[in-house]
Amino acid sequence: MSVDRAFPEQTRGPEGRALASTGAADLVEAMMREPAGQMSPSTYETARLVSLAPWLTGHDERVRYLLRNQRLDGGWGPPEGYALVPTLSATEALLAVLSRSPGDMLVDAVDRGLMWLRSWLATTRPIPDTPAIDLIVPALTDAINEHVTCRDMPRGLVHWQAGPRLPLPPGMGRRRLDVVRGIVAAGAPVPDKLLHALEVVGDITQVAVGVQPLPPGVIGASPAATAAWLGAAGEADGHGWVRAYLESVIQRHDGLAPCATPLGVFERAWVVGSLARAGIAVPADSDLVDSLTADLTSVGTPAGPGLPPDADTTSVTLYALARLGVPTDPSCLWGFETDAGFCTWPGEDGFSVTTNAHVLDALGQHVATQSDAAPRYRSAARRLVGALQACQLPDGSWQDRWHASPYYATVCCTLALADAAPSAAAESLARAVRWVVATQQHDGSWGRWNGSLEETAYAMQILAVAGRELPAAGSALSRGLSYLDKASATQQEGPALWHDKDLYHPTKIVRAAVLAAQHLATEIPLRAKVNDDLWTCPT
């Protein structure tokens, strides 16, 4: 089947490509002006500042934000189990405010929050695999129980009368939280991967041995962890610069706080990788290259200061550098290799298909562009192709622990397989395309809960790259492009879908995905099968 017959309705041609390229240039320019990255505000993190840092500028506005954003059912945040962490955080924060300055609006909001929590915790429901959730939920549950049992609460908290204490969700315990608190209390070194959620240990955060802020003034790339380290008075001897940085963070986010900042390397690597893969030229500006290589070491690169190096950020950074024409030795990835594939970081609980897809991207680029690449790289890439195919769900999609939407996991795996082994993975790719076509919504969009720009962009990339042999894919892609063009002009922010302590929306990363989809939908060349020799060359 020819490309024209498979995609008969894609006619925007040069005009569409020019628009995408212009938008990409503007995006990269804006990205370089904001070295911290642009992430959406987090209800969880903002509520932690309300509770931990009432001394921080904008406290009253953060309280009003929590009151404004409470749902009609009493919860906060996204649908399903994703509401548990933000609702616990907001309820505890408003209880803390209520204990200092009672008010009817606070009483009502707290009471409805407690009502939602009691109802939700009374049943067995799926709990999402978000970072540190097994620390955050017990810590906040303990804090709420302490508020209502150790102080005289207003009479209006009628839903607290249903029982003496909030329970933990079925199957969740306090053992790991107790271990972490014991480590800190005993003066033992705190593992780097715990710094991002250090606020869970409460008042003893300030005595954590060896914990020091990193430039520009942050603990674990987290406003909440940083506020907990500064303490109830917002003071730390000789560390006024840390408080000043925290003030600058909330100023940049209109008084609120993101789950993680700064995340410049993370943002730039994903943006460059998305644009370049779609065929949109990104100049290898020296400042851009320097920012991607500044923290890249023999053990990888972290997403931001205070975070440990991880295979996900490292592999996307390596891929972005290769696409910029700056090939970099990927041997730092070997430290993440396991029997199953590659871990996001050593000691990870679980397996991330998107991390492994990104590692495959990095290794595949290395094999394709370096004729003298060691056989180990080719062998590892072949192994990852098999591992990703084995994780594909019966309906043709993939799901992952770093994103709420299956469209993200599916686009990561589809693009990696299409680049690395399009012939060997042909059946997996066809199943992914059929799933995408089958799940398109009436308005041309795609989405887990509702249609979104982000998820539509991922679905369109899957169709454009792997759907040439399915006639229905052309029609679905055309309808998706129509939705994307219309929605892009009116929607400024999409739903938060990315996993951190709370769900978040990485604005520029999503914008890059949309531009990539628009570009691919207007130019459907046959992609070179550059890495099919992974399957024919000897190990």
Side-chain angles (χ1 to χ4, degrees), residues 30-31 33-53 56-59 61-66 68-69 76-78 82-83 85-86 88-90 93 128 130-133 136 195-200 213-230 242-271 302-307 310 312-313 402-404 454 492-512:
M31 180 178 70
R33 290 197 301 266
E34 297 183 45
Q38 187 177 3
M39 310 297 155
S40 63
S42 158
T43 297
Y44 166 81
E45 206 84 2
T46 298
R48 292 302 82 222
L49 294 188
V50 168
S51 181
L52 296 166
L56 196 61
T57 301
H59 172 75
E61 175 52 35
R62 284 186 287 281
V63 173
R64 288 191 290 270
Y65 168 83
L66 296 180
R68 283 196 309 270
N69 284 277
W76 278 266
Y82 288 105
V85 164
L88 282 167
S89 188
T130 51
I133 193 169
I136 290 169
L195 295 178
H196 186 53
L198 191 61
E199 69 274 5
V200 299
L214 294 178
V218 67
I219 302 289
S222 164
T226 304
W229 183 83
L230 282 170
V242 178
R243 177 167 176 168
Y245 178 72
L246 195 54
E247 294 277 2
S248 74
V249 168
I250 58 120
Q251 183 178 16
R252 289 199 310 271
H253 294 85
D254 298 323
L256 310 178
C259 268
T261 190
L263 293 178
V265 173
F266 165 73
E267 180 182 83
R268 293 177 183 193
W270 260 258
V271 167
L307 298 174
D310 68 87
D312 203 23
T313 306
W402 294 117
H403 203 280
E454 178 181 355
Q492 299 301 312
E493 195 76 54
L497 295 167
W498 292 62
H499 281 193
D500 199 331
K501 292 180 281 187
D502 197 358
L503 293 186
Y504 70 99
H505 179 82
T507 305
K508 290 185 172 62
I509 291 175
V510 171
R511 179 60 182 154

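Since the model is a prediction, treat every value here as computed from it, not as a measurement.
Here the straight-line distance linking atom CZ of Arg62 with atom CZ of Arg48 works out to 12.5 Å at 0.5 Å rounding. Distance CG/Asn69 to CZ/Arg64: 13.0 Å, rounded to 0.5 Å. If you take CG on Leu49 and OG1 on Thr57, they are separated by 11.5 Å, rounding to the nearest 0.5 Å.
The minimum heavy-atom distance linking Ala224 with Leu52 is given by the pair O-CD1, 3.8 Å. Between Leu307 and Ala303 the shortest heavy-atom distance is CD1-CB, 4.1 Å. Across every non-hydrogen atom of Leu66 and Ala93, the tightest pair is CD1-CB, 4.1 Å. Heavy-atom minimum distance, Pro305 versus Pro215: CB-O, 3.7 Å. Gly217 approaches Thr226 most closely through the heavy-atom pair O-CG2, 3.9 Å. Closest of all the heavy-atom pairs between Thr261 and Pro223 is CG2-CG, 4.2 Å.
Residues Pro35 and Arg268 have side chains in contact (heavy-atom distance under 4.5 Å, counting atoms from C-beta outward). For the pair Leu88 and Trp76, the minimum side-chain heavy-atom distance is 4.5 Å or more. Residues His403 and Glu454 form a side-chain contact, since some pair of their non-hydrogen atoms from C-beta on lies under 4.5 Å apart. Two residues are said to be in side-chain contact when any heavy atoms from C-beta on lie closer than 4.5 Å; Trp229 and Pro213 meet this criterion. With contacts defined as side-chain heavy-atom distances shorter than 4.5 Å, the pair Pro78/Pro495 does not qualify. Between Ile219 and Val242, every side-chain heavy-atom pair lies at or beyond the 4.5 Å cut-off. Side chains of Met39 and Thr507 form no contact here, defined as non-hydrogen atoms less than 4.5 Å apart. Side-chain contact between Pro302 and Thr313 is absent, with no heavy-atom pair separated by less than 4.5 Å.
No donor-acceptor pair under 3.5 Å is formed between the side chain of Ser89 and the backbone N or O of Val85. A donor-acceptor pair under 3.5 Å is absent between the side-chain atoms of Glu199 and the main chain of Ala227, judged by distance alone. Formation of a donor-acceptor pair under 3.5 Å by the Arg243 side chain with backbone atoms of Leu56 is not found in this model.
Using the six-membered ring where Trp is involved, Trp498 and Phe266 have ring planes that are perpendicular, over 60° apart on the 30 and 60° scheme.
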For this session: Assess whether side-chain contact (heavy atoms from CB on, under 4.5 Å) is satisfied between Ile509 and Glu267, documenting all intermediate values.
Result: CA-CA 6 Å; Ile509 291 175; Glu267 180 182 83; 4.3 Å; yes

For this session: Show the numbers, then the answer: is there a side-chain contact (heavy atoms from CB on, under 4.5 Å) between Tyr82 and Thr130?
Result: CA-CA 9 Å; Tyr82 288 105; Thr130 51; 4.0 Å; yes

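The salt bridge (charged side-chain N to carboxylate O under 4.0 Å, His left out) pairs that include a residue from residues 34-45 are Glu34-Lys508, Glu45-Lys501, where partners are two or more places apart or lie in different chains.
Partner of Asp502 under the side-chain contact (heavy atoms from CB on, under 4.5 Å) criterion, out of Pro86, Ser40, Pro41: Pro86 alone.
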Quiz: residues 248-257 side-chain donor-acceptor pairs under 3.5 angstrom, not counting sequence neighbours:
| from | atom 1 | to | atom 2 | distance (Å) |
| --- | --- | --- | --- | --- |
| Ser248 | OG | Tyr245 | O | 2.6 |
| His253 | ND1 | Val249 | O | 2.8 |

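When the ring-ring contact (aromatic ring centres under 6.0 Å, His included) test is applied to Tyr65, no partner is found at least two apart in sequence or on another chain.
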